[in-house]
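Everything below concerns the one structure shown next.
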Amino acid sequence: MISVRNFSLGLTSLSGQPLNFCSDYRVECRCEVLTYTTAIGVVTVRALRSGGSSRISYSYEGKYTESGIRHEVIRRFGLRDDMERIYAVLNTDRYMDAAIGNLNGLRITENDPWETTLCFVVSQFNNIKRIRRIIGRLTERFGEEVELAGRAVKSFPSPETLASAELSEIRKCGTGFRDRYIKKVAQACTSGVDLADLADMDYHTAKERLLGLYGIGDKVADCILLFGYKKLEAFPVDVWVKRAVETVYFNGRKKSIGEIHAFAERRWEGLSGYANQYLFCNGRMNKIGA
DNA sequence: ACCCAGGCGGGCG
DNA sequence: CGCCCGCATGGG
């Protein structure tokens, strides 16, 4: 059992982060419940909010130790993030104040780098509901059947499997034109690029490395760095974030991607990733500028 | 029918 | 560099 303030399991897992694409969220009698599969097990997290704090419990099947599962949950959901400090840094204008009020407890999750990479390659020019279904079909078709505590579970598709898959087979999962990107990125990750290396690189160096991969551009690279490596300087600029920044901070004037990056870095410094997630979610909620 | 979605690569000026 | 285009698919 973990007790923390400023945590919402629902907002965190339904806000367009990787868990939104490959996990199952439900509510059971006022308790929020999320089940997801990792490389070594199936994890179920329950959160019950009362007052300003959440009581979080977890269970699992698979090869976890007691300290291992606790560490997994704390790390995955960002439970060590000092939200009071983060909110203090972000809350310098009326819009952010409202966003923080609407989205209290939304955290940046930290996910497996390869899973994050595939999710956001699939995400491009796509919508969340369909990303979820495509990831589900890729897992069903290309995941390995593994047995966890006597139960058959499909693992997340590996880069090796996708690297050698037929393009037409990938496309049958509904990927559309992204089939080439998926295969190329998978191939790069099995020869030449070790995603584990990026963890030790600074943000800009790691981003350059990702941008070298066919199918990964500016926005997807930032998503991978934010949600796969928790580099909080990352600021993914998608249509929602671009609209929100232009509307709120530039009086509706159009700005280039580069100008928006420069603005975010100056205004929120090392926490622009958190600002980004609040802009994204609040912008979608309010359909700001649309 | 039409518009849009957590964009990217390629081709052009 | 910046800009514009096509790209597959499905939901509102």
Side-chain angles (χ1 to χ4, degrees), chain A residues 11-23 99 103 106-111 113 115-138 141 166-188 207-232 234-247 253-262 264 272-290:
Chain A
L11 287 172
T12 299
S13 56
L14 298 175
S15 56
Q17 302 186 49
L19 283 172
N20 203 171
F21 309 137
C22 35
S23 71
L103 301 169
L106 169 59
R107 305 222 178 192
I108 302 291
T109 60
E110 183 171 350
N111 305 272
E115 294 189 17
T116 307
T117 299
L118 181 60
C119 284
F120 283 99
V121 167
V122 169
S123 81
Q124 59 180 273
F125 197 43
N126 212 338
N127 60 64
I128 289 177
K129 204 169 297 178
R130 209 163 76 88
I131 297 163
R132 188 182 163 81
R133 277 208 314 279
I134 293 170
I135 294 295
R137 285 194 288 256
L138 287 170
R141 170 66 182 80
E166 294 291 334
L167 274 183
S168 60
E169 291 298 311
I170 294 175
R171 186 173 282 222
K172 280 179 190 165
C173 297
T175 61
F177 62 87
R178 305 164 193 81
D179 54 355
R180 292 174 293 146
Y181 302 157
I182 292 167
K183 179 159 178 162
K184 285 275 205 178
V185 169
Q187 286 174 331
K207 184 167 178 177
E208 283 307 312
R209 189 67 60 92
L210 288 171
L211 288 175
L213 305 193
Y214 183 88
I216 295 182
D218 182 83
K219 188 269 175 184
V220 169
D222 271 327
C223 283
I224 295 168
L225 294 168
L226 183 56
F227 301 119
Y229 298 90
K230 200 146 181 174
K231 293 189 185 295
L232 294 179
F235 193 84
V237 182
D238 70 343
V239 291
W240 295 100
V241 168
K242 186 166 186 295
R243 274 203 293 260
V245 170
E246 287 167 347
T247 304
R253 295 194 306 278
K254 293 294 177 192
K255 290 287 162 186
S256 70
I257 304 290
E259 287 171 316
I260 290 177
H261 276 303
S272 43
Y274 254 104
N276 183 281
Q277 191 64 8
Y278 279 73
L279 287 170
F280 173 73
C281 293
N282 207 52
R284 282 182 43 131
M285 278 176 65
N286 300 336
K287 299 206 181 310
I288 187 166

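Within every chain, numbering begins at 1; the chains are lettered A, B, ... in the order of the sequence lines, protein sequences first and strands thereafter.
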_Length of the CD1-P vector between A:Ile257 and C:dC1, whole Å_ = 15 Å
_Whether A:Arg141 side chain and A:Ile170 backbone form a donor-acceptor pair below 3.5 Å_ = no
_Nearest-angstrom distance from the residue atom CG of A:Asp179 to P of B:dG7_ = 18 Å
*Atom C1', compared across C:dT9 and B:dG10: separation rounded to whole Å*: 22 Å
*Can you tell me how far C1' in B:dG9 sits from the matching atom in C:dG10, rounded to whole Å?*
23 Å
*State whether A:Lys129 places a side-chain N or O below 4.0 Å from either non-bridging phosphate oxygen (OP1 or OP2) of C:dT9.*
no
*At under 4.0 Å between heavy atoms, what does A:Ile131 touch on the DNA or RNA strands: base, sugar-phosphate, or nothing?*
nothing
*Is there a Watson-Crick or G-U wobble partner for B:dC2 with both distances under 3.5 Å, and if so, which one is it?*
C:dG12
_Just the rounded figure in Å: distance from C1' of C:dG10 to CZ of A:Arg132._
16 Å
*What is the nucleic acid contact for A:Leu213, judged by heavy atoms within less than 4.0 Å: base, sugar-phosphate only, or nothing?*
sugar-phosphate
*Would you please determine if the base of B:dG6 is stacked by A:Phe280, with stacking meaning a centroid separation under 5.5 angstrom and planes under 30 degrees?*
yes
*Using a cut-off of 4.0 Å on non-hydrogen atoms, how would the nucleic acid contact of A:Asp218 be classed: base, sugar-phosphate, or nothing?*
sugar-phosphate
_Does B:dG7 have its OP1 or OP2 closer than 4.0 Å to a side-chain nitrogen or oxygen of A:Arg178?_
no
*B:dG6 base to A:Asn276 side chain: any donor-acceptor pair below 3.5 Å?*
yes
*Would you say a side-chain N or O of A:Arg243 is under 4.0 Å from OP1 or OP2 of B:dA5?*
yes
*Whole-Å distance separating the OH atom of A:Tyr181 from the P atom of C:dC7*: 12 Å
*So does A:Arg133 get a side-chain nitrogen or oxygen closer than 4.0 Å to the phosphate oxygens (OP1/OP2) of C:dG11?*
yes
*Mind calculating the distance between CD (A:Glu115) and P (B:dG6) to the nearest angstrom?*
20 Å
*Identify whether any heavy atom of A:Gly215 sits under 4.0 Å from a base atom; if not, whether one sits that close to sugar-phosphate; answer base, sugar-phosphate or nothing.*
sugar-phosphate
*Can A:Phe125 be called stacked on C:dC7 when the rule is centres closer than 5.5 Å and an angle between planes below 30°?*
yes
*Count the heavy atoms belonging to other residues, nucleotides or ligands that lie under 6.0 Å from CZ of A:Arg137, then report whether that count exceeds 12.*
yes
_Out of C:dC7, B:dG6, B:dG9, whichever nucleotide has its closest atom nearest the side chain of A:Val241_ = B:dG6
*Determine the interplanar angle of the A:Tyr274 and A:Tyr278 rings, folded into 0 to 90°, and report it as parallel if under 30°, tilted if 30 to 60°, perpendicular if over 60°.*
tilted
*Could you check A:Glu166 against A:Ser168 for side chain to side chain donor-acceptor pair (under 3.5 Å), going step by step and ending with a plain yes or no?*
CA-CA 5 Å; A:Glu166 294 291 334; A:Ser168 60; 5.0 Å; no
_Donor-acceptor check, side chain of A:Lys255 to backbone of A:Lys242, threshold 3.5 angstrom: yes or no?_
no
*asked:* Distance check needed: B:dC4 P versus A:Asp238 CG, whole Å only.
replied: 15 Å
_Please evaluate residues A:Lys172 and A:Glu169 with respect to the criterion salt bridge (charged side-chain N to carboxylate O under 4.0 Å, His left out), reporting the C-alpha separation (whole Å), side-chain torsions for both, the decisive distance (0.1 Å), and the verdict._
CA-CA 5 Å; A:Lys172 280 179 190 165; A:Glu169 291 298 311; 2.8 Å; yes
*Donor-acceptor contact present, side-chain A:Thr175 to main-chain A:Arg178, <3.5 Å*: no
*What is the nucleic acid contact for A:Phe227, judged by heavy atoms within less than 4.0 Å: base, sugar-phosphate only, or nothing?*
base
_Between B:dC4 (C1') and A:Asn127 (CG): distance, integer Å_ = 8 Å
_Candidate nucleotides B:dG9, B:dA5, B:dC8, ranked by approach to the side chain of A:Lys219 - the nearest_ = B:dC8
*Mind checking A:Ile128 for me? I need base, sugar-phosphate or nothing, with any heavy atom below 4.0 Å counting as a touch.*
sugar-phosphate
*asked:* Rounding to an integer number of angstrom, what distance separates C:dC4 and B:dG6 when you compare their P atoms?
replied: 23 Å
*Measure the distance from CD on A:Gln124 to P on B:dA5 and round it to the nearest whole Å.*
15 Å
